[in-house]
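Values below: every heavy atom of this structure, side chains too, minus hydrogens, waters and symmetry copies. Just so it is clear, the structure is predicted and the values come from calculations on it, not from any experiment.
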Amino acid sequence: MPSVLQTEMRFRVQDATNYWQVTVDSTGALDLDEVVAGVVTQRATAVGVMANGDRIVVIADAAVIRVYEANTLRITYSNATNFQTETDGELETEGTGGSVSDIISWPRVLTGSPAAI
């Protein structure tokens with residue numbers, strides 16, 4: 001089995017072949033990919049920005065996805081119309097030599113009693 005050389009974090013997961021993902025490879029490149037029917041389409045990339053210990057924040061708000069690295073906006077993609085209502089996510093792989101120390105998820109829009117507070 002070949003080794004996986006990138007960390008993959010999936011979000012807006014509809015099923016095993018339809019989702020969005022952010023990946024980090026061994027060169028420090030940060031990518032935003034849309035996966036539809038198992039076909040990966042790279043929508044944006046920030047080359048060589050990741051360093052050991054950096055924090056990644058992904059904000060998916062309607063059709064706009066923003067990806068931050070170390071509190072710096074690195075990717076904005078404004079045509080993310082697929083899977084907007086999906087709320088599942090997963091860490092798919094840490095890759096070879098990768099490490100993820102914490103995953104935190106918050107709703108983008110509050111409804112009901114949390115919104116009233």
Side-chain angles (χ1 to χ4, degrees):
M1 177 177 224
S3 63
V4 178
L5 298 177
Q6 65 183 14
T7 300
E8 298 176 359
M9 181 67 184
R10 296 178 180 176
F11 59 99
R12 287 188 172 178
V13 176
Q14 177 177 291
D15 56 37
T17 61
N18 296 283
Y19 52 86
W20 286 88
Q21 70 180 4
V22 169
T23 64
V24 178
D25 70 19
S26 61
T27 68
L30 181 64
D31 292 333
L32 174 65
D33 301 324
E34 181 180 20
V35 181
V36 177
V39 177
V40 178
T41 302
Q42 186 181 74
R43 294 299 184 193
T45 191
V47 177
V49 298
M50 292 298 301
N52 188 26
D54 281 357
R55 181 176 114 169
I56 298 172
V57 174
V58 178
I59 298 175
D61 187 10
V64 179
I65 297 175
R66 291 180 184 86
V67 182
Y68 296 81
E69 169 270 335
N71 298 321
T72 301
L73 179 61
R74 299 293 187 182
I75 293 172
T76 301
Y77 184 71
S78 300
N79 198 24
T81 56
N82 280 333
F83 322 124
Q84 286 186 48
T85 61
E86 300 300 331
T87 58
D88 288 350
E90 65 184 351
L91 175 63
E92 177 61 20
T93 180
E94 288 186 287
T96 302
S99 177
V100 175
S101 60
D102 204 5
I103 297 174
I104 301 170
S105 176
W106 293 292
R108 185 71 181 143
V109 177
L110 297 176
T111 59
S113 58
I117 294 178

**Q** If two hydrophobic side chains count as joined below 4.5 Å and joins carry through other members, does Met50 share a cluster with Ile75?
**A**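 Same hydrophobic cluster.
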
**Q** Would you please name every residue forming a side-chain contact (heavy atoms from CB on, under 4.5 Å) with Met9, sequence neighbours left out?
**A**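 For Met9 the side-chain contact (heavy atoms from CB on, under 4.5 Å) partners, ignoring immediate neighbours, are Leu91, Ile103.
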
**Q** Taking only residues two or more places apart in sequence or in another chain, which ones pass side-chain contact (heavy atoms from CB on, under 4.5 Å) with Asp25?
**A**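 Listed in chain order: Gln6, Thr27, Ala29.
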
**Q** For residues Gly89 and Val13, report the shortest heavy-atom separation together with the two atoms involved.
**A** CA-CG2, 4.1 Å

**Q** Any side-chain heavy atom of Val22 within less than 4.5 Å of one from Leu30?
**A**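 Side chain of Val22 against side chain of Leu30, heavy atoms only: contact under 4.5 Å found.
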
**Q** Before you tell me yes or no, could you show the steps for Phe83 and Asn18 under side chain to side chain contact (heavy atoms under 4.5 Å, CB included), namely the whole-Å CA-CA distance, both residues' side-chain angles and the distance that decides it to 0.1 Å?
**A** CA-CA 8 Å; Phe83 322 124; Asn18 296 283; 3.4 Å; yes

**Q** Would you please name every residue forming a side chain to side chain donor-acceptor pair (under 3.5 Å) with Thr23, sequence neighbours left out?
**A**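 Residues passing side chain to side chain donor-acceptor pair (under 3.5 Å) with Thr23: none at all.
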
**Q** Keeping to residues at least two apart or across chains, list the side chain to side chain donor-acceptor pair (under 3.5 Å) pairs with something in residues 80-89.
**A**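 Counting only pairs at least two positions apart or across chains, the side chain to side chain donor-acceptor pair (under 3.5 Å) contacts touching residues 80-89 are Glu34-Asn82.
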
**Q** Let me see the working for Glu92 and Gln21 under side chain to side chain contact (heavy atoms under 4.5 Å, CB included), right down to the final yes or no.
**A** CA-CA 9 Å; Glu92 177 61 20; Gln21 70 180 4; 5.7 Å; no

**Q** Considering residues at least two apart in sequence or located in another chain, which fulfil the side-chain contact (heavy atoms from CB on, under 4.5 Å) criterion with Asn52?
**A** none

**Q** Are the side chains of Arg74 and Val67 in contact, using a 4.5 Å heavy-atom criterion?
**A** no

**Q** Rounded to the nearest 0.5 Å, what's the gap from OG on Ser78 to CZ on Arg43? Could you check?
**A** 12.5 Å

**Q** Could you work out, with side-chain contact (heavy atoms from CB on, under 4.5 Å) as the rule, every residue matching Thr17, not counting sequence neighbours?
**A**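 Thr17 satisfies side-chain contact (heavy atoms from CB on, under 4.5 Å) with Asp15 only.
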
**Q** Report yes or no: do Ile59 and Tyr77 belong to one cluster of Ile/Leu/Val/Met/Phe/Trp/Tyr joined by side chain heavy-atom distances under 4.5 Å?
**A** no

**Q** May I have the step-by-step check of side chain to side chain contact (heavy atoms under 4.5 Å, CB included) for Val24 and Ile56, ending in yes or no?
**A** CA-CA 10 Å; Val24 178; Ile56 298 172; 3.6 Å; yes

**Q** Could you go through Arg12 and Tyr19, starting from their C-alpha distance and side-chain angles, then the distance that decides it, and tell me whether this counts as side-chain hydrogen bond (donor to acceptor under 3.5 Å, both in side chains)?
**A** CA-CA 5 Å; Arg12 287 188 172 178; Tyr19 52 86; over 6 Å; no

**Q** Verify side chain to side chain contact (heavy atoms under 4.5 Å, CB included) between Tyr68 and Val58, making sure each step is shown before the conclusion.
**A** CA-CA 6 Å; Tyr68 296 81; Val58 178; over 6 Å; no

**Q** Trp20 and side-chain contact (heavy atoms from CB on, under 4.5 Å): which partner among Leu32, Val35, Asp33?
**A**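 Looking at Leu32, Val35, Asp33, the match for Trp20 under the side-chain contact (heavy atoms from CB on, under 4.5 Å) is Leu32.
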
**Q** Is there a side-chain contact between Thr76 and Val64 in this structure, where contact means two heavy atoms from C-beta onward sitting under 4.5 Å apart?
**A** yes

